[in-house]
Amino acid sequence: MSDLRNRNGNGISRLDFLKSSALAVGGGIVGSRMDIPVEKLKKHSGKAKNVIFLVSDGMSAGTLTMADLVKREQQGEPTWWINLYENPDRKFNRGLMDMASLDSSVTDSAAAASSWGCGYRINNDSVNLGPGGEEYKTILEIFRDAGKSTGLVTTTRITHATPSGFSANVPARGMEDEIAEQYSERDYDLLLGGGRRHFSADLRDDGKDLYQVFREKGYSIVQTREELHRAGRRSKLLGTFNDSHLPYSIDHQADEELQRSVPTLSEMTQTALDRLEQNEDGFILQVEGGRVDHGAHDNDAAGMIYDQIAFDDAVKVVMDYTEDRDDTLVILTTDHGNANPGLSAHGPGYRESPKMFRTLHQYRHSFEWVYNQFGYHWSHDSIDDSVSENQIREALEYATQTRITDEESSMIYKAFQGEFRAPYRNREDPGAVMAGVLANYNGVYFISTQHTADYVEIAAWGPGSEEIPAFVKNTALFDLMVEAAGVRRYAEG
Ligand SMILES: [Zn+2]
(Lines give C-alpha, C1' and ligand atoms only; values in the text may rest on other atoms or scores of the structure.)
Protein backbone atom coordinates (compact mmCIF):
# COMPACT_ATOMS: atom_id res chain seq x y z
CA MET A 1 0.00 0.00 0.00
CA SER A 2 1.34 3.44 -0.81
CA ASP A 3 1.61 6.28 1.65
CA LEU A 4 -1.72 7.68 2.83
CA ARG A 5 -0.29 11.07 3.70
CA ASN A 6 -2.65 13.14 1.52
CA ARG A 7 -5.71 11.95 3.43
CA ASN A 8 -4.64 14.13 6.31
CA GLY A 9 -6.41 17.07 7.81
CA ASN A 10 -9.16 17.84 10.23
CA GLY A 11 -7.99 21.44 10.36
CA ILE A 12 -7.09 21.38 14.04
CA SER A 13 -3.42 21.77 14.78
CA ARG A 14 -1.96 19.83 17.67
CA LEU A 15 -1.35 23.04 19.64
CA ASP A 16 -4.91 24.26 19.14
CA PHE A 17 -6.02 20.91 20.38
CA LEU A 18 -3.94 21.24 23.52
CA LYS A 19 -5.15 24.75 24.21
CA SER A 20 -8.80 23.81 23.95
CA SER A 21 -8.75 21.57 26.97
CA ALA A 22 -12.53 21.20 26.84
CA LEU A 23 -12.37 18.84 23.85
CA ALA A 24 -13.80 15.54 24.91
CA VAL A 25 -11.99 12.21 24.66
CA GLY A 26 -13.91 9.08 23.92
CA GLY A 27 -12.35 6.25 25.83
CA GLY A 28 -11.36 7.65 29.18
CA ILE A 29 -11.53 10.27 31.84
CA VAL A 30 -11.56 13.95 30.91
CA GLY A 31 -9.55 15.95 33.38
CA SER A 32 -7.11 18.83 33.21
CA ARG A 33 -4.54 17.21 35.47
CA MET A 34 -3.97 14.43 32.97
CA ASP A 35 -2.47 16.53 30.17
CA ILE A 36 0.74 18.44 30.62
CA PRO A 37 0.15 22.20 30.13
CA VAL A 38 1.94 23.56 27.06
CA GLU A 39 3.65 26.36 29.05
CA LYS A 40 5.29 23.79 31.28
CA LEU A 41 6.51 21.80 28.31
CA LYS A 42 7.85 24.88 26.53
CA LYS A 43 10.26 25.50 29.43
CA HIS A 44 12.14 22.39 28.40
CA SER A 45 12.06 22.98 24.66
CA GLY A 46 15.09 21.50 22.96
CA LYS A 47 16.82 20.34 26.13
CA ALA A 48 16.53 16.68 25.19
CA LYS A 49 18.87 15.88 22.32
CA ASN A 50 17.84 12.24 22.55
CA VAL A 51 14.65 10.41 23.47
CA ILE A 52 14.55 6.75 24.50
CA PHE A 53 11.15 5.08 24.97
CA LEU A 54 11.22 1.75 26.82
CA VAL A 55 8.00 -0.25 26.76
CA SER A 56 7.28 -3.63 28.26
CA ASP A 57 4.18 -4.67 26.33
CA GLY A 58 1.23 -5.80 28.44
CA MET A 59 2.95 -5.52 31.82
CA SER A 60 0.51 -5.64 34.72
CA ALA A 61 1.67 -4.51 38.17
CA GLY A 62 1.89 -8.18 39.18
CA THR A 63 4.32 -8.84 36.34
CA LEU A 64 6.65 -6.07 37.51
CA THR A 65 6.39 -7.46 41.05
CA MET A 66 6.95 -11.10 40.18
CA ALA A 67 9.93 -10.40 37.93
CA ASP A 68 11.49 -8.51 40.84
CA LEU A 69 10.75 -11.34 43.30
CA VAL A 70 12.30 -13.92 40.96
CA LYS A 71 15.39 -11.83 40.26
CA ARG A 72 16.01 -11.11 43.96
CA GLU A 73 15.87 -14.83 44.72
CA GLN A 74 17.94 -15.91 41.74
CA GLN A 75 20.52 -13.14 41.54
CA GLY A 76 20.37 -11.50 44.95
CA GLU A 77 19.42 -8.10 43.56
CA PRO A 78 16.28 -6.25 42.49
CA THR A 79 15.27 -5.60 38.90
CA TRP A 80 16.69 -2.38 37.50
CA TRP A 81 13.19 -0.92 37.31
CA ILE A 82 12.75 -1.38 41.07
CA ASN A 83 16.36 -0.36 41.67
CA LEU A 84 15.38 2.96 40.09
CA TYR A 85 12.77 3.44 42.83
CA GLU A 86 14.85 1.95 45.63
CA ASN A 87 18.24 3.54 45.04
CA PRO A 88 18.39 6.98 46.69
CA ASP A 89 21.00 8.17 44.16
CA ARG A 90 18.73 7.76 41.17
CA LYS A 91 16.61 10.66 39.99
CA PHE A 92 13.28 9.87 38.36
CA ASN A 93 9.65 10.90 38.12
CA ARG A 94 6.85 8.47 38.50
CA GLY A 95 3.12 8.27 37.91
CA LEU A 96 0.14 6.29 36.71
CA MET A 97 -1.04 6.61 33.11
CA ASP A 98 -4.52 6.24 31.59
CA MET A 99 -3.97 4.29 28.35
CA ALA A 100 -7.57 4.26 27.08
CA SER A 101 -8.04 4.29 23.31
CA LEU A 102 -10.66 6.37 21.47
CA ASP A 103 -13.24 3.58 21.42
CA SER A 104 -12.54 1.62 24.60
CA SER A 105 -11.21 1.89 28.13
CA VAL A 106 -9.29 -1.31 27.30
CA THR A 107 -6.71 -0.48 24.65
CA ASP A 108 -4.90 -2.71 22.23
CA SER A 109 -1.21 -2.25 21.53
CA ALA A 110 -1.76 -0.48 18.20
CA ALA A 111 -3.92 2.32 19.60
CA ALA A 112 -1.73 2.50 22.70
CA ALA A 113 1.53 2.99 20.81
CA SER A 114 -0.22 5.38 18.40
CA SER A 115 -1.29 7.60 21.33
CA TRP A 116 2.41 8.14 22.03
CA GLY A 117 3.40 8.01 18.37
CA CYS A 118 1.07 10.74 17.05
CA GLY A 119 -0.54 12.37 20.09
CA TYR A 120 -4.10 11.28 19.35
CA ARG A 121 -6.32 8.63 20.81
CA ILE A 122 -7.51 6.43 17.96
CA ASN A 123 -9.67 3.33 17.66
CA ASN A 124 -8.29 -0.06 18.63
CA ASP A 125 -6.66 -1.96 15.77
CA SER A 126 -5.66 1.19 13.83
CA VAL A 127 -2.13 2.49 13.56
CA ASN A 128 -1.82 6.30 13.52
CA LEU A 129 -5.04 6.75 11.56
CA GLY A 130 -8.03 8.61 12.99
CA PRO A 131 -11.61 7.25 12.81
CA GLY A 132 -12.31 9.35 9.73
CA GLY A 133 -9.13 8.23 7.96
CA GLU A 134 -7.04 11.19 9.18
CA GLU A 135 -3.41 10.26 8.81
CA TYR A 136 -1.24 11.52 11.63
CA LYS A 137 2.46 12.14 11.19
CA THR A 138 4.39 9.71 13.36
CA ILE A 139 7.01 10.59 15.91
CA LEU A 140 9.77 8.76 14.05
CA GLU A 141 9.04 10.81 10.92
CA ILE A 142 9.02 13.98 13.00
CA PHE A 143 12.42 13.24 14.51
CA ARG A 144 13.76 12.10 11.12
CA ASP A 145 12.66 15.37 9.50
CA ALA A 146 14.35 17.27 12.32
CA GLY A 147 17.65 15.62 11.34
CA LYS A 148 17.74 13.15 14.21
CA SER A 149 18.42 9.45 13.88
CA THR A 150 15.57 6.97 14.37
CA GLY A 151 15.49 3.43 15.68
CA LEU A 152 13.06 0.64 16.60
CA VAL A 153 14.05 -2.45 18.61
CA THR A 154 11.68 -5.24 19.65
CA THR A 155 11.39 -8.94 20.44
CA THR A 156 8.24 -9.22 18.30
CA ARG A 157 8.09 -8.92 14.53
CA ILE A 158 9.47 -5.46 13.78
CA THR A 159 6.20 -4.77 11.91
CA HIS A 160 4.11 -5.53 15.02
CA ALA A 161 1.73 -3.07 16.74
CA THR A 162 4.06 -1.27 19.14
CA PRO A 163 6.99 -0.41 16.83
CA SER A 164 4.60 0.48 14.01
CA GLY A 165 2.69 2.74 16.41
CA PHE A 166 5.79 4.96 16.48
CA SER A 167 6.40 4.90 12.76
CA ALA A 168 3.66 3.72 10.35
CA ASN A 169 0.07 4.46 9.24
CA VAL A 170 -2.35 1.66 8.44
CA PRO A 171 -6.08 1.13 9.07
CA ALA A 172 -5.48 -2.33 10.62
CA ARG A 173 -2.44 -3.51 12.57
CA GLY A 174 -2.47 -6.87 10.78
CA MET A 175 -1.33 -5.19 7.53
CA GLU A 176 2.26 -6.02 8.37
CA ASP A 177 3.40 -6.49 4.75
CA GLU A 178 2.28 -2.89 4.13
CA ILE A 179 4.00 -1.72 7.31
CA ALA A 180 7.28 -3.29 6.13
CA GLU A 181 6.82 -1.49 2.83
CA GLN A 182 6.30 1.83 4.61
CA TYR A 183 9.51 1.21 6.54
CA SER A 184 11.29 0.74 3.21
CA GLU A 185 10.00 4.15 2.10
CA ARG A 186 10.54 6.14 5.29
CA ASP A 187 14.31 5.93 5.71
CA TYR A 188 14.51 5.06 9.39
CA ASP A 189 18.04 4.34 10.56
CA LEU A 190 17.71 1.13 12.53
CA LEU A 191 15.15 -1.68 12.70
CA LEU A 192 15.91 -4.74 14.86
CA GLY A 193 13.56 -7.58 15.81
CA GLY A 194 11.74 -10.53 14.26
CA GLY A 195 9.49 -10.65 11.21
CA ARG A 196 11.44 -11.92 8.17
CA ARG A 197 8.14 -13.08 6.75
CA HIS A 198 7.20 -9.49 5.91
CA PHE A 199 10.46 -8.69 4.08
CA SER A 200 11.45 -11.87 2.27
CA ALA A 201 10.23 -12.51 -1.30
CA ASP A 202 9.76 -16.18 -0.39
CA LEU A 203 7.50 -15.43 2.56
CA ARG A 204 5.50 -12.35 1.50
CA ASP A 205 2.13 -12.87 -0.15
CA ASP A 206 2.99 -10.53 -3.03
CA GLY A 207 6.46 -12.04 -3.56
CA LYS A 208 8.19 -8.63 -3.26
CA ASP A 209 11.81 -8.72 -2.12
CA LEU A 210 11.91 -5.91 0.41
CA TYR A 211 15.40 -6.90 1.56
CA GLN A 212 16.58 -5.93 -1.92
CA VAL A 213 14.79 -2.58 -1.63
CA PHE A 214 16.53 -1.88 1.69
CA ARG A 215 19.88 -3.04 0.26
CA GLU A 216 19.55 -0.66 -2.68
CA LYS A 217 18.92 2.14 -0.20
CA GLY A 218 22.26 1.36 1.45
CA TYR A 219 21.07 -0.57 4.50
CA SER A 220 23.12 -3.38 5.98
CA ILE A 221 20.89 -6.44 6.32
CA VAL A 222 21.66 -8.87 9.16
CA GLN A 223 19.91 -12.14 10.03
CA THR A 224 21.93 -13.55 12.93
CA ARG A 225 23.48 -12.43 16.17
CA GLU A 226 26.94 -12.84 14.68
CA GLU A 227 26.11 -10.71 11.67
CA LEU A 228 24.69 -8.08 14.00
CA HIS A 229 27.97 -7.84 15.88
CA ARG A 230 30.00 -7.79 12.67
CA ALA A 231 27.94 -5.11 10.91
CA GLY A 232 29.79 -1.87 10.17
CA ARG A 233 28.51 1.14 12.08
CA ARG A 234 28.27 3.57 9.20
CA SER A 235 25.22 2.33 7.33
CA LYS A 236 21.55 2.09 8.20
CA LEU A 237 20.65 -1.29 9.63
CA LEU A 238 17.81 -3.78 9.20
CA GLY A 239 18.08 -6.87 11.41
CA THR A 240 15.45 -9.62 11.38
CA PHE A 241 16.38 -12.64 13.46
CA ASN A 242 13.38 -14.93 13.03
CA ASP A 243 10.53 -15.46 10.56
CA SER A 244 7.99 -14.36 13.17
CA HIS A 245 8.59 -13.19 16.77
CA LEU A 246 11.88 -13.85 18.56
CA PRO A 247 11.79 -16.83 20.96
CA TYR A 248 10.86 -16.37 24.59
CA SER A 249 13.88 -15.76 26.84
CA ILE A 250 13.31 -18.97 28.78
CA ASP A 251 13.52 -20.99 25.52
CA HIS A 252 16.44 -18.90 24.26
CA GLN A 253 18.41 -19.62 27.42
CA ALA A 254 17.83 -23.38 27.07
CA ASP A 255 18.97 -23.66 23.45
CA GLU A 256 22.59 -23.04 22.35
CA GLU A 257 21.64 -22.82 18.70
CA LEU A 258 19.12 -20.06 19.45
CA GLN A 259 21.70 -18.25 21.52
CA ARG A 260 24.07 -18.26 18.55
CA SER A 261 21.49 -17.04 16.06
CA VAL A 262 19.26 -14.63 18.03
CA PRO A 263 20.56 -11.62 20.00
CA THR A 264 19.03 -10.65 23.34
CA LEU A 265 16.97 -7.47 23.72
CA SER A 266 19.79 -5.84 25.69
CA GLU A 267 22.33 -6.66 22.95
CA MET A 268 20.05 -5.12 20.32
CA THR A 269 19.56 -2.08 22.55
CA GLN A 270 23.31 -1.63 23.00
CA THR A 271 23.87 -1.94 19.24
CA ALA A 272 21.15 0.63 18.63
CA LEU A 273 22.65 3.15 21.06
CA ASP A 274 26.18 2.67 19.65
CA ARG A 275 24.96 3.45 16.17
CA LEU A 276 22.32 6.12 16.77
CA GLU A 277 24.49 8.21 19.11
CA GLN A 278 26.87 8.94 16.25
CA ASN A 279 24.42 11.55 15.00
CA GLU A 280 25.46 14.86 16.59
CA ASP A 281 21.88 16.08 16.31
CA GLY A 282 20.56 13.23 18.46
CA PHE A 283 18.09 10.40 18.05
CA ILE A 284 14.86 8.74 19.08
CA LEU A 285 14.90 5.04 19.99
CA GLN A 286 11.96 2.83 20.92
CA VAL A 287 12.77 -0.45 22.71
CA GLU A 288 9.99 -2.98 23.27
CA GLY A 289 9.89 -6.12 25.41
CA GLY A 290 7.07 -7.35 23.21
CA ARG A 291 6.54 -10.90 24.38
CA VAL A 292 5.75 -10.08 28.00
CA ASP A 293 2.32 -9.44 26.49
CA HIS A 294 2.26 -12.80 24.71
CA GLY A 295 3.19 -14.63 27.91
CA ALA A 296 0.33 -12.85 29.69
CA HIS A 297 -2.19 -13.69 26.93
CA ASP A 298 -1.12 -17.32 27.22
CA ASN A 299 -1.13 -17.21 31.06
CA ASP A 300 2.43 -18.52 30.84
CA ALA A 301 4.01 -17.29 34.08
CA ALA A 302 7.58 -18.31 33.25
CA GLY A 303 7.47 -17.16 29.63
CA MET A 304 6.19 -13.79 30.83
CA ILE A 305 8.41 -13.30 33.89
CA TYR A 306 11.71 -14.23 32.21
CA ASP A 307 10.91 -11.95 29.27
CA GLN A 308 10.21 -9.14 31.75
CA ILE A 309 13.64 -9.78 33.30
CA ALA A 310 15.23 -9.70 29.81
CA PHE A 311 13.46 -6.39 29.16
CA ASP A 312 14.81 -5.18 32.48
CA ASP A 313 18.36 -5.98 31.32
CA ALA A 314 17.74 -3.62 28.40
CA VAL A 315 16.57 -0.98 30.90
CA LYS A 316 20.01 -1.30 32.54
CA VAL A 317 21.75 -0.70 29.19
CA VAL A 318 19.81 2.57 28.91
CA MET A 319 20.49 3.51 32.57
CA ASP A 320 24.21 3.08 31.90
CA TYR A 321 23.95 5.16 28.73
CA THR A 322 22.28 8.04 30.58
CA GLU A 323 24.42 7.75 33.73
CA ASP A 324 26.43 10.93 33.16
CA ARG A 325 24.23 12.73 30.68
CA ASP A 326 21.57 15.40 31.02
CA ASP A 327 20.57 15.50 27.35
CA THR A 328 18.45 12.35 27.11
CA LEU A 329 14.78 11.94 28.02
CA VAL A 330 13.98 8.35 28.98
CA ILE A 331 10.41 7.06 29.37
CA LEU A 332 9.91 3.63 30.95
CA THR A 333 6.40 2.21 30.92
CA THR A 334 3.95 -0.35 29.55
CA ASP A 335 1.07 0.08 27.12
CA HIS A 336 -1.62 -1.74 29.16
CA GLY A 337 -2.13 -4.39 31.77
CA ASN A 338 -2.69 -7.93 30.55
CA ALA A 339 -4.37 -10.82 32.41
CA ASN A 340 -3.35 -9.16 35.72
CA PRO A 341 -1.38 -12.08 37.19
CA GLY A 342 -0.32 -12.30 40.79
CA LEU A 343 1.23 -14.55 43.39
CA SER A 344 -1.66 -15.56 45.62
CA ALA A 345 -1.62 -16.42 49.33
CA HIS A 346 -1.39 -20.16 50.04
CA GLY A 347 -1.20 -22.26 53.17
CA PRO A 348 -1.43 -21.44 56.88
CA GLY A 349 -0.35 -17.87 57.47
CA TYR A 350 0.25 -17.62 53.68
CA ARG A 351 3.64 -19.18 54.29
CA GLU A 352 3.40 -21.67 51.40
CA SER A 353 3.48 -18.94 48.74
CA PRO A 354 7.23 -18.21 48.60
CA LYS A 355 8.07 -21.90 48.38
CA MET A 356 5.53 -22.51 45.63
CA PHE A 357 6.67 -19.45 43.71
CA ARG A 358 10.26 -20.72 43.86
CA THR A 359 9.30 -23.70 41.64
CA LEU A 360 9.40 -21.22 38.74
CA HIS A 361 13.19 -21.23 39.05
CA GLN A 362 13.21 -24.84 37.78
CA TYR A 363 11.08 -24.19 34.69
CA ARG A 364 12.86 -24.98 31.44
CA HIS A 365 10.50 -23.83 28.70
CA SER A 366 7.55 -21.65 27.75
CA PHE A 367 4.04 -22.86 26.95
CA GLU A 368 4.87 -22.07 23.32
CA TRP A 369 7.61 -24.71 23.47
CA VAL A 370 5.11 -27.18 24.99
CA TYR A 371 2.70 -26.54 22.09
CA ASN A 372 5.49 -27.01 19.56
CA GLN A 373 6.11 -30.53 20.88
CA PHE A 374 2.78 -31.66 19.42
CA GLY A 375 2.14 -29.15 16.66
CA TYR A 376 -0.45 -26.95 18.36
CA HIS A 377 -0.71 -23.19 17.77
CA TRP A 378 -2.66 -20.86 20.07
CA SER A 379 -4.86 -19.80 17.16
CA HIS A 380 -6.12 -23.38 16.67
CA ASP A 381 -9.50 -24.40 18.13
CA SER A 382 -8.27 -27.84 19.09
CA ILE A 383 -5.44 -30.34 18.70
CA ASP A 384 -5.08 -33.00 16.08
CA ASP A 385 -6.84 -36.28 16.96
CA SER A 386 -3.52 -38.11 16.88
CA VAL A 387 -2.14 -36.17 19.89
CA SER A 388 -2.50 -38.20 23.10
CA GLU A 389 -3.14 -36.96 26.62
CA ASN A 390 0.16 -38.42 27.68
CA GLN A 391 2.16 -36.53 25.05
CA ILE A 392 0.78 -33.27 26.38
CA ARG A 393 1.32 -34.23 29.98
CA GLU A 394 4.93 -35.26 29.39
CA ALA A 395 5.78 -32.05 27.53
CA LEU A 396 4.19 -29.89 30.23
CA GLU A 397 5.77 -31.78 33.13
CA TYR A 398 9.19 -31.55 31.48
CA ALA A 399 8.85 -27.82 30.66
CA THR A 400 7.75 -26.95 34.18
CA GLN A 401 9.53 -29.69 36.14
CA THR A 402 6.19 -30.16 37.90
CA ARG A 403 4.30 -33.42 38.40
CA ILE A 404 0.54 -32.97 38.00
CA THR A 405 -2.33 -35.31 38.95
CA ASP A 406 -4.33 -37.53 36.56
CA GLU A 407 -7.38 -35.36 37.09
CA GLU A 408 -5.44 -32.20 36.23
CA SER A 409 -3.97 -33.87 33.16
CA SER A 410 -7.44 -34.79 31.97
CA MET A 411 -8.71 -31.22 32.38
CA ILE A 412 -5.80 -29.96 30.29
CA TYR A 413 -6.44 -32.57 27.60
CA LYS A 414 -10.09 -31.48 27.40
CA ALA A 415 -8.98 -27.89 26.97
CA PHE A 416 -6.76 -28.87 24.04
CA GLN A 417 -9.71 -30.74 22.53
CA GLY A 418 -11.77 -27.56 22.81
CA GLU A 419 -14.15 -29.20 25.29
CA PHE A 420 -13.23 -27.57 28.59
CA ARG A 421 -15.84 -25.26 30.07
CA ALA A 422 -14.99 -22.62 32.67
CA PRO A 423 -17.41 -20.19 34.37
CA TYR A 424 -15.54 -17.32 32.70
CA ARG A 425 -15.18 -18.03 28.98
CA ASN A 426 -12.05 -15.87 28.83
CA ARG A 427 -10.31 -18.67 30.77
CA GLU A 428 -11.10 -21.73 28.63
CA ASP A 429 -7.99 -21.65 26.41
CA PRO A 430 -5.49 -24.48 26.96
CA GLY A 431 -2.91 -21.99 28.24
CA ALA A 432 -5.33 -20.67 30.85
CA VAL A 433 -6.26 -24.20 31.94
CA MET A 434 -2.59 -25.23 32.18
CA ALA A 435 -1.95 -22.07 34.20
CA GLY A 436 -4.86 -22.90 36.50
CA VAL A 437 -3.41 -26.35 37.14
CA LEU A 438 0.10 -25.00 37.65
CA ALA A 439 -1.22 -22.39 40.11
CA ASN A 440 -1.68 -25.28 42.54
CA TYR A 441 2.11 -25.66 42.47
CA ASN A 442 3.57 -22.19 41.69
CA GLY A 443 0.90 -19.98 43.30
CA VAL A 444 0.45 -17.70 40.26
CA TYR A 445 -3.04 -17.04 38.84
CA PHE A 446 -4.38 -14.84 36.03
CA ILE A 447 -7.79 -13.14 35.78
CA SER A 448 -8.24 -13.67 32.00
CA THR A 449 -6.31 -14.10 28.79
CA GLN A 450 -6.81 -10.52 27.66
CA HIS A 451 -5.73 -6.92 28.15
CA THR A 452 -7.11 -4.96 31.10
CA ALA A 453 -8.07 -1.33 31.73
CA ASP A 454 -5.58 -0.88 34.57
CA TYR A 455 -3.83 2.46 34.85
CA VAL A 456 -0.20 1.68 34.14
CA GLU A 457 3.12 2.42 35.79
CA ILE A 458 5.24 5.13 34.19
CA ALA A 459 8.71 6.28 35.22
CA ALA A 460 10.90 8.80 33.41
CA TRP A 461 14.13 10.70 33.78
CA GLY A 462 15.98 13.39 31.87
CA PRO A 463 14.89 16.80 30.51
CA GLY A 464 11.16 17.44 30.82
CA SER A 465 10.38 14.30 32.79
CA GLU A 466 9.67 16.38 35.91
CA GLU A 467 6.53 17.72 34.21
CA ILE A 468 4.81 14.34 34.11
CA PRO A 469 1.91 14.61 36.56
CA ALA A 470 1.18 11.80 39.03
CA PHE A 471 -1.78 10.86 36.85
CA VAL A 472 -1.14 11.35 33.16
CA LYS A 473 -2.95 10.75 29.88
CA ASN A 474 -1.17 8.63 27.24
CA THR A 475 -1.25 11.34 24.55
CA ALA A 476 0.62 13.77 26.82
CA LEU A 477 3.80 11.76 26.25
CA PHE A 478 3.79 12.69 22.56
CA ASP A 479 3.78 16.36 23.51
CA LEU A 480 6.45 15.80 26.12
CA MET A 481 8.74 14.15 23.57
CA VAL A 482 8.31 16.67 20.75
CA GLU A 483 8.67 19.67 23.08
CA ALA A 484 11.61 18.31 25.06
CA ALA A 485 13.40 17.50 21.81
CA GLY A 486 12.44 20.89 20.31
CA VAL A 487 10.97 19.31 17.16
CA ARG A 488 7.39 20.61 17.35
CA ARG A 489 7.66 22.50 14.06
CA TYR A 490 8.28 19.23 12.20
CA ALA A 491 5.11 17.71 13.63
CA GLU A 492 2.71 19.55 11.33
CA GLY A 493 4.32 19.14 7.92
ZN1 LIG B 1 -1.69 -8.03 23.66
Side-chain angles (χ1 to χ4, degrees), residues 27 53-64 66-67 97-117 121-128 152 154-166 168 170 172-176 179 193-195 244-249 265 286-308 310-311 333-341 366-368 371 377-379 424-432 435 446-457 474:
F53 201 111
L54 295 159
V55 47
S56 172
D57 198 298
M59 185 200 74
S60 297
T63 308
L64 182 63
M66 291 191 293
M97 178 159 49
D98 178 354
M99 287 302 303
S101 67
L102 185 60
D103 59 348
S104 177
S105 47
V106 182
T107 190
D108 81 330
S109 294
S114 296
S115 72
W116 305 324
R121 282 186 169 170
I122 62 170
N123 289 341
N124 285 345
D125 202 41
S126 328
V127 178
N128 294 308
L152 299 171
T154 181
T155 50
T156 64
R157 297 187 293 271
I158 190 65
T159 47
H160 211 240
T162 303
S164 63
F166 283 75
V170 287
R173 56 183 285 180
M175 299 169 68
E176 292 183 61
I179 290 167
S244 182
H245 306 303
L246 302 189
Y248 280 106
S249 298
L265 185 60
Q286 178 251 214
V287 175
E288 183 199 24
R291 305 212 68 195
V292 174
D293 180 68
H294 300 172
H297 279 295
D298 207 14
N299 288 6
D300 176 1
M304 180 189 76
I305 288 169
Y306 290 108
D307 262 44
Q308 177 65 27
F311 170 78
T333 188
T334 177
D335 54 350
H336 48 76
N338 189 344
N340 292 10
S366 68
F367 285 5
E368 183 174 79
Y371 303 154
H377 186 262
W378 61 265
S379 61
Y424 183 31
R425 285 190 298 278
N426 239 345
R427 295 214 75 252
E428 285 176 350
D429 291 349
F446 298 75
I447 64 162
S448 73
T449 54
Q450 289 297 340
H451 297 186
T452 62
D454 284 15
Y455 300 139
V456 301
E457 184 77 25
N474 47 6

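One-based numbering, in listed order, for ligands and for the atoms of each.
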> Listing by chain and number, what protein N/O/S atoms are under 2.8 Å from the Zn ion (ligand 1)?
Replying inline: D293 OD1, D293 OD2, H297 NE2, H451 NE2
> Hey, are S115 and R121 close enough side-chain-wise for a donor-acceptor pair under 3.5 Å?
Replying inline: no
>> Run the side-chain hydrogen bond (donor to acceptor under 3.5 Å, both in side chains) test against E457 and tell me which residues pass, sequence neighbours left out.
In response: Y85, R94
> Quick one: salt bridge (Lys or Arg N to Asp or Glu O under 4.0 Å) partners of D429, sequence neighbours excluded?
Replying inline: none
> Residues in side-chain contact (heavy atoms from CB on, under 4.5 Å) with T162, at least two apart?
Replying inline: V55, D57, S109, A113, F166, Q286, E288, D335
> Do Y248 and D300 meet the criterion of a side-chain donor-acceptor pair at a distance under 3.5 Å?
Replying inline: no
> Have S60 and N338 got a donor and an acceptor in their side chains that come within less than 3.5 Å?
Replying inline: no
